[in-house]
Protein chains: 2
Amino acid sequence: MPATPRREEKLRDVSRRMIMDRAARLLVKQGYGATSLRDIARACDMKAGSLYYHFDGKDALVEEILNEGVARVESSVRAALEAAAEAPALERIRIAMQVHLATLHDRSDYGSAHIRCFAHVPADIRRRLREARARYEALWTGLLEEARDAGGIAADVDLHTLKFAVIGMMNWTLEWRGPAGVNPEELADRFFRIAMRGASND
Amino acid sequence: MPATPRREEKLRDVSRRMIMDRAARLLVKQGYGATSLRDIARACDMKAGSLYYHFDGKDALVEEILNEGVARVESSVRAALEAAAEAPALERIRIAMQVHLATLHDRSDYGSAHIRCFAHVPADIRRRLREARARYEALWTGLLEEARDAGGIAADVDLHTLKFAVIGMMNWTLEWRGPAGVNPEELADRFFRIAMRGASND
DNA sequence: ATTTCTATCTAACGATTGTTATAAAAGTTT
DNA sequence: AAACTTTTATAACAATCGTTAGATAGAAAT
């Protein structure tokens, strides 16, 4: 086998990455149906046909972006949790919320693209994405069970409902928080405060 | 002026209503970009061109549907709140959550269509829809202020954050709750339990 | 210098899109 | 029965869609 030239392999990957970055941004702004390959190509200073050198087609590109969307959020959260492996269960939940929210708003458009486009992407893509989603949700289920087993969560709170409540309030921030809003970490703390201790006064 | 014949006016309205109903369902399932006028027409046993007798075009139809989406949720919630005008502030919040969730999941596809399609609809439609959205959010702001002024909400909870947390967890149910899931009223109670008294144990 | 490989462009394909003008029904009024 | 109104169908339009095959330019390898 020939010695694999690293320089060129990098170049190829750089183009792939640029295409995915620009496409992700467009997906967030315009949605799946309204984002054409020509839109994506123009954002990359390319022509639509050239994208086929890097991807098998629109759906393959979109699937890879959306898949990387969950993957990025999950790995960020997982890394933060490993770094805080000894922290109390509730504190680990707060950290997970901070990283989830920060990844969504600061890091990249992949996570946002996933959340925004998942519902309207072709059914076969959606089916495959569900696996990655389920894995990430299982991470949260584990976190909450951990807290409950440590006695940190009230017995009459359904963990399934709690999981979706927390994920829901976080993901919904994409619908209202502008880039100039409260920073994600502070926002996560406020959500944590509400979800864990409750808003009421008694 | 001629006596307006009620029979025919009704017939015209019935067709309009049917078109909007079917279109709303398709919008929920497929999203704005992937729902064509021919899709909508087929669902109505009509041809695409015929839709132009009832609506000025795709965007006008979609805007009317999405606008009615917020309007329905708001008027349902408002009616329920008027019927419970004397109830304690926190109880009124619980009721509002129940009706919001029930309208989204049981009543019709208009509210779901609004939530699902808002982000990806053309910008000028989105701009006009924002007014109706803001009015509905103001209703929630009022509800929460009412509860805070009555001493029912902790001082260190930001009402703006709380509002979006509650709306977010409710609207996100569209992403995970199937038609066979927990009924909306019970789900609203669980959310209320979490958001108001908190999930933690201390 | 020639060949080979990589990355992009060109130009077109058939299908589908929103939209329009016009014809044809179907129903109501006179 | 004739005239008129309301509703739908027909058929086409320009534009755009995802996709493909083949040409082209530039860099790397020989």
Side-chain angles (χ1 to χ4, degrees), chain A residues 1-23 26-27 29-66 117 120-125, chain B residues 1-23 26-27 29-66 117 120-125:
Chain A
M1 62 173 73
T4 57
R6 279 178 200 168
R7 188 75 54 84
E8 291 134 27
E9 251 193 335
K10 276 266 177 67
L11 268 180
R12 170 189 283 232
D13 289 352
V14 163
S15 292
R16 262 183 78 92
R17 182 52 56 193
M18 176 193 62
I19 294 171
M20 290 177 69
D21 285 347
R22 310 270 164 95
L26 288 175
L27 285 174
K29 272 203 264 217
Q30 312 177 347
Y32 170 80
T35 302
S36 71
L37 283 182
R38 287 172 176 85
D39 286 338
I40 298 172
R42 189 177 329 110
C44 302
D45 284 311
M46 292 176 62
K47 300 294 177 164
S50 310
L51 297 174
Y52 281 80
Y53 178 75
H54 296 279
F55 300 94
D56 285 342
K58 182 185 182 183
D59 287 358
L61 168 58
V62 170
E63 177 167 353
E64 198 168 334
I65 291 172
L66 265 55
C117 298
H120 298 139
V121 114
D124 54 317
I125 297 185
Chain B
M1 60 172 78
T4 57
R6 279 180 202 168
R7 188 74 54 86
E8 291 135 28
E9 252 193 333
K10 276 265 176 67
L11 267 182
R12 169 189 284 233
D13 290 352
V14 163
S15 293
R16 263 183 77 92
R17 183 52 58 193
M18 177 194 62
I19 294 171
M20 290 177 69
D21 285 347
R22 310 269 164 98
L26 288 175
L27 285 174
K29 272 202 265 215
Q30 312 177 347
Y32 171 79
T35 302
S36 72
L37 283 181
R38 286 171 177 85
D39 285 338
I40 298 172
R42 189 176 330 110
C44 302
D45 284 312
M46 292 177 63
K47 301 292 176 164
S50 308
L51 297 174
Y52 281 80
Y53 177 75
H54 296 279
F55 300 93
D56 285 343
K58 182 185 181 182
D59 287 359
L61 168 58
V62 169
E63 176 167 354
E64 199 168 334
I65 291 173
L66 264 54
C117 298
H120 298 139
V121 115
D124 54 318
I125 297 185

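Throughout, a chain's letter reflects where its sequence line sits, starting with A, and its residues are numbered from 1.
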Notebook entry, point to check: Once you round it to whole Å, what is the distance between P of C:dG18 and CD of B:E63?
Noted result: 17 Å
Next item on the list: Using whole Å, report how far CZ of B:R16 lies from P of D:dT8.
Entry: 12 Å
Notebook entry, point to check: Do side-chain atoms of B:K29 reach the backbone of B:T35 as a donor and acceptor pair under 3.5 angstrom?
Noted result: no
Next item on the list: Within residues 34-47 of chain B, find the residues that approach DNA chain D with a heavy atom at under 4.0 Å, and present them sorted by residue number.
Entry: B:R38, B:D45, B:M46, B:K47
Checklist line | Test log, rule side-chain contact (heavy atoms from CB on, under 4.5 Å), inputs A:R16 and A:E64 | finding: CA-CA 11 Å; A:R16 262 183 78 92; A:E64 198 168 334; 2.2 Å; yes
Next item on the list: Taking all non-hydrogen atoms of both residues into account, name the closest pair between B:R38 and B:A48 and its distance.
Entry: CG-CB, 3.6 Å
Next item on the list: Test B:I40 against every option in B:V62, B:L27, B:I19 by the side-chain contact (heavy atoms from CB on, under 4.5 Å) rule and name the one that passes.
Entry: B:I19
Margin query: So, OP1 or OP2 of D:dT8: does either fall under 4.0 Å of a side-chain N or O from B:S15?
Written below: yes
Item checked: Distance in Å, B:K47 NZ paired with B:L37 CG, rounded so as to fall on 0.5 Å steps -> 14.0 Å
Check: With a 4.5 Å heavy-atom cut-off, do A:Y53 and A:R12 have their side chains touching?
Finding: yes
Next item on the list: Please figure out whether A:S50 or B:G49 has its closest DNA chain C nucleotide nearer the 5' end.
Entry: A:S50
Margin query: Looking at every non-hydrogen atom in both residues, tell me the closest pair between A:K58 and A:G33 and how far apart they are.
Written below: NZ-O, 4.3 Å
Any N/O pairs under 3.5 Å between the protein and nucleotides 24-26 of chain D? List them or say none.
none

Next item on the list: Please round to the nearest 0.5 Å and tell me the distance separating atom SG of B:C117 and atom CD of B:Q30.
Entry: 10.0 Å
Check: Between A:D39 and A:R42, is there a salt bridge with N-O shorter than 4.0 Å?
Finding: yes
Next item on the list: Give, for atom CD1 of B:I65 and atom CZ of B:F55, the distance between the pair rounded to the nearest 0.5 Å.
Entry: 7.0 Å
Check: Can you list, by residue number, the residues of residues 51-58 of chain A that have a non-hydrogen atom closer than 4.0 angstrom to DNA chain D?
Finding: A:Y52, A:G57, A:K58
Next item on the list: Verify the contact: side-chain N or O of A:R12 to OP1 or OP2 of C:dA7, cut-off strictly under 4.0 Å; return yes or no.
Entry: yes
